[in-house]
2 protein chains.
Amino acid sequence: MRSKQSTITIHDVAKAAGVSVSTASRVLNNKADVSPETYKKVRQVIDDLNYTASLAAKSMRSRTTNVLGLLVPELIEVYYHEVIKGVGAAIENSGYDLLIYTSGSPTRNKRASWEREHVALLSSGLTDGCIIVSPSAPTFQQNANIVVIDPHGAGAEVPSVVATNHEGAIQAVDYLVSLGHRRIGFIQGHPTAWSALQRFEGYKAGLDKAGIEFEAALVCDGDFTSACGKAATYHLMNQPNPPSAIFAANDRTAIGVLEAAQELGLNVPQDLSVIGFDNIPETMQTTPRLTTIDQSIREMGSLGVRLLIEMLQNRESAQLLHTVPTSLVIRDSCWMRKQ
Amino acid sequence: MRSKQSTITIHDVAKAAGVSVSTASRVLNNKADVSPETYKKVRQVIDDLNYTASLAAKSMRSRTTNVLGLLVPELIEVYYHEVIKGVGAAIENSGYDLLIYTSGSPTRNKRASWEREHVALLSSGLTDGCIIVSPSAPTFQQNANIVVIDPHGAGAEVPSVVATNHEGAIQAVDYLVSLGHRRIGFIQGHPTAWSALQRFEGYKAGLDKAGIEFEAALVCDGDFTSACGKAATYHLMNQPNPPSAIFAANDRTAIGVLEAAQELGLNVPQDLSVIGFDNIPETMQTTPRLTTIDQSIREMGSLGVRLLIEMLQNRESAQLLHTVPTSLVIRDSCWMRKQ
DNA sequence: TTGTACGCGTTATCAC
DNA sequence: GTGATAACGCGTACAA
């Protein structure tokens, strides 16, 4: 006696079990006040019909779904996959399901508005809360349950997970200095990214700490792509007094540096030391393998989940900014400065 | 927890713009019959209020969401990430959004029922259709738009994407034979996986082709884990007449073989040749780097998306089974048989 | 061109 | 303990 609609509804269950929809709903949600035999009968029917409550309808009415949302800008860059792995690990046995949303439309140019739209999309009932990765929009709906990972803007109004970018950059410079380098080039990250700014500040702080004077000519603009790494390397190495080491704001850019170095006939690390930031998996497959600063992207994803769940359970901590430590990963792309 | 008035609805938009909800809805969906000034005014309000239609409500009503669903069992194993990368690439500029769903609950033990439940979940309005990765359930809702990647069961009733597992296994054996190996061990994949069976059949076909008699003692059970690879290696190599090469049903298992070989003091590839299947990224980081059969997991994901979109546009091809070619990837884990 | 009324599948509220 | 009914936010005939 199924209605014309293909999807079977709670009405079908109720009818088949000979009860009302409200009773069926009660059984579905394991409410207390329902007689054992009724319960059993309805459960049986649910199993037989292989019925599942529509998430759409359920969330529309009840406002709580036991589903967490994750908003990512795209699914190609491995960085996001590392985040997802961390989120996936944290979600295990958490009692929550996970819904990852990404858009295939080029509307992404308007990143900020895209984010706001999709946060609204997920928050408006589909999920209990959501995590946004690398958001550029500084602010969101007031009352949504939101946690942010590696935000672009600085002033966080929502709980944010960030790496210790400043300290990590200092670590990188320290290491290069310990190898004897004094002229250390720096390739900037995306100009709007807070993490990029922090790394630049750390670079300067590291130089200062070593008593090396900052030199603007050794700094190139960038945007986290490998293309900018290549361009910057050509620029830096063709200077009259080129650097003996290059610190790129992220691994992707550092990979570009490696490519350019090869094209220029420079041996890494003998002629040029290169260090990156992020520790994405590909850094283990470059030639030479890239020395970098690990920012445990996975841990950031896991922490994001934990923060969100705390928030949902009203155990929200007063702290807004949560940092994940960075660490130096020494591989093969840095070497002692040639005398 | 969340105040009722928090989410702004189409009513708020209508009220603010001084029109009726239906007019607002028309503007939202870019319907033709609405006066330019009304359109502009409503658009303005929508922007001001930063309004987004609730996916839940919308999908419940309209049955078409421009969203594709992807159902994955978990988010830790890299195999699924490779699929997601392919799906993510195919979704770009497709006009569709993507919604990945996974569950954090241990209910996954009951895989088949979990899948059915969640297919229903996604199909019941949230998405226009969905892709299921490695499903164990042989059958689904009749009229849902479903595409399946690497299914466990053989008899596909829905469009399926599979690798040429049989041919790939033959390629692997061919290669080992060309290196002079005659005693080739095989470690089975998960017993219910169709792909595993196909690889085993290919193994036997390859032996047959080379005129080598099949020997049951050289075959071990397995389940696609690295643990089974280790156990099987101990078993195989402690035989009176051990194999000179081992073909593992997937890379994860082959990695277990590598570990066991090291523990046993066997040098790979000098003492033992090892070949895997899948070509997951980690195979480039093992020592030695693993020779394997590439099954272009990403391409399988992309093809899945293309098939699903075709289906949604009623351009469904008659063909149900779609194969993606495998290819031999020679790295460092296989060598000539010692004389 | 615009507004009214209804239904999508569910849960909460209130009767019984 | 159980059943009827009113929302939830939206799209769409149909009426105006």
Side-chain angles (χ1 to χ4, degrees), chain A residues 2-42 46 49 51-67 120-128, chain B residues 1-42 46 49 51-67 117 120-128:
Chain A
R2 203 172 299 168
S3 60
K4 282 193 179 156
Q5 263 66 29
S6 56
T7 47
I8 63 172
T9 78
I10 198 170
H11 285 96
D12 302 318
V13 174
K15 203 171 297 178
V19 297
S20 72
V21 284
S22 24
T23 303
S25 175
R26 271 192 277 266
V27 172
L28 248 171
N29 301 345
N30 292 312
K31 298 281 181 180
D33 49 351
V34 53
S35 80
E37 54 265 37
T38 312
Y39 182 91
K40 195 159 187 178
K41 185 168 56 182
V42 177
I46 289 175
L49 267 57
Y51 162 78
T52 304
S54 150
L55 180 61
K58 182 160 55 177
S59 66
M60 189 160 75
R61 192 69 184 92
S62 65
R63 251 63 182 106
T64 167
T65 58
N66 254 30
V67 176
L121 187 74
L122 291 186
S123 303
S124 64
L126 260 189
T127 63
D128 292 352
Chain B
M1 195 192 300
R2 206 177 299 163
S3 71
K4 279 239 170 118
Q5 287 301 339
S6 66
T7 44
I8 64 173
T9 78
I10 199 170
H11 284 97
D12 302 319
V13 174
K15 201 171 298 177
V19 298
S20 74
V21 285
S22 45
T23 304
S25 172
R26 273 191 278 268
V27 172
L28 251 172
N29 301 348
N30 293 313
K31 297 282 181 181
D33 49 353
V34 53
S35 77
E37 54 264 39
T38 312
Y39 183 90
K40 196 159 188 179
K41 185 166 57 180
V42 177
I46 289 175
L49 267 56
Y51 164 77
T52 304
S54 151
L55 181 61
K58 183 161 55 176
S59 67
M60 190 156 75
R61 192 68 188 87
S62 63
R63 282 307 188 227
T64 168
T65 58
N66 253 29
V67 177
E117 271 180 35
L121 187 74
L122 292 185
S123 302
S124 65
L126 263 188
T127 63
D128 293 351

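Not measured: the values here are computed from a predicted model. Only this structure's heavy atoms are used, side chains among them; waters, hydrogens and symmetry mates stay out.
In this structure, of C:dT1, C:dG3, D:dG3, it is D:dG3 that holds the atom nearest to the side chain of A:T23.
Atom pair B:L126:CG and C:dG9:P shows a separation of 13 Å (rounding to whole Å applied).
Remark: of the listed residues A:V27, A:L28, A:I46, A:L28 is the sole one forming a side-chain contact (heavy atoms from CB on, under 4.5 Å) with A:I10.
Listed for the A:T65 side chain is a donor-acceptor partner under 3.5 Å among the backbone atoms of A:L126.
Interatomic distance, OG of A:S35 versus CZ of A:R26, reported as 10.5 Å (0.5 Å rounding). Between atom OG1 of residue A:T38 and atom CG of residue A:D33 there is a gap of 11.0 Å, rounded to the nearest 0.5 Å. Of the inter-residue distances, the one linking A:T9 atom OG1 with A:Y51 atom OH reads 6.5 Å to the nearest 0.5 angstrom. Distance check: B:T52 OG1 to B:K58 NZ gives 8.5 Å after rounding to the nearest 0.5 Å.
Taking the side chain as every heavy atom from C-beta outward, B:D128 and B:V67 never approach each other to under 4.5 Å.
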Open item on the list: I'd like to compare against my own output: the B/S/- annotation of nucleotides 10-16 of chain C with a strict under-4.0 Å heavy-atom distance to protein.
Closed with: BBB----
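For the pair B:S20 and C:dT4, the criterion of a side-chain N or O lying under 4.0 Å from OP1 or OP2 is not met. Between C:dT1 and B:T38, no contact under 4.0 Å exists linking OP1 or OP2 to a side-chain N or O.
At its two ends the helix from C:dT1-D:dA16 to C:dC16-D:dG1 runs along axes set 40° apart, each axis drawn from five pairs and the angle rounded to 10°.
Of all heavy-atom pairs between B:A24 and B:V13, the closest is CB-CG1, 4.4 Å.
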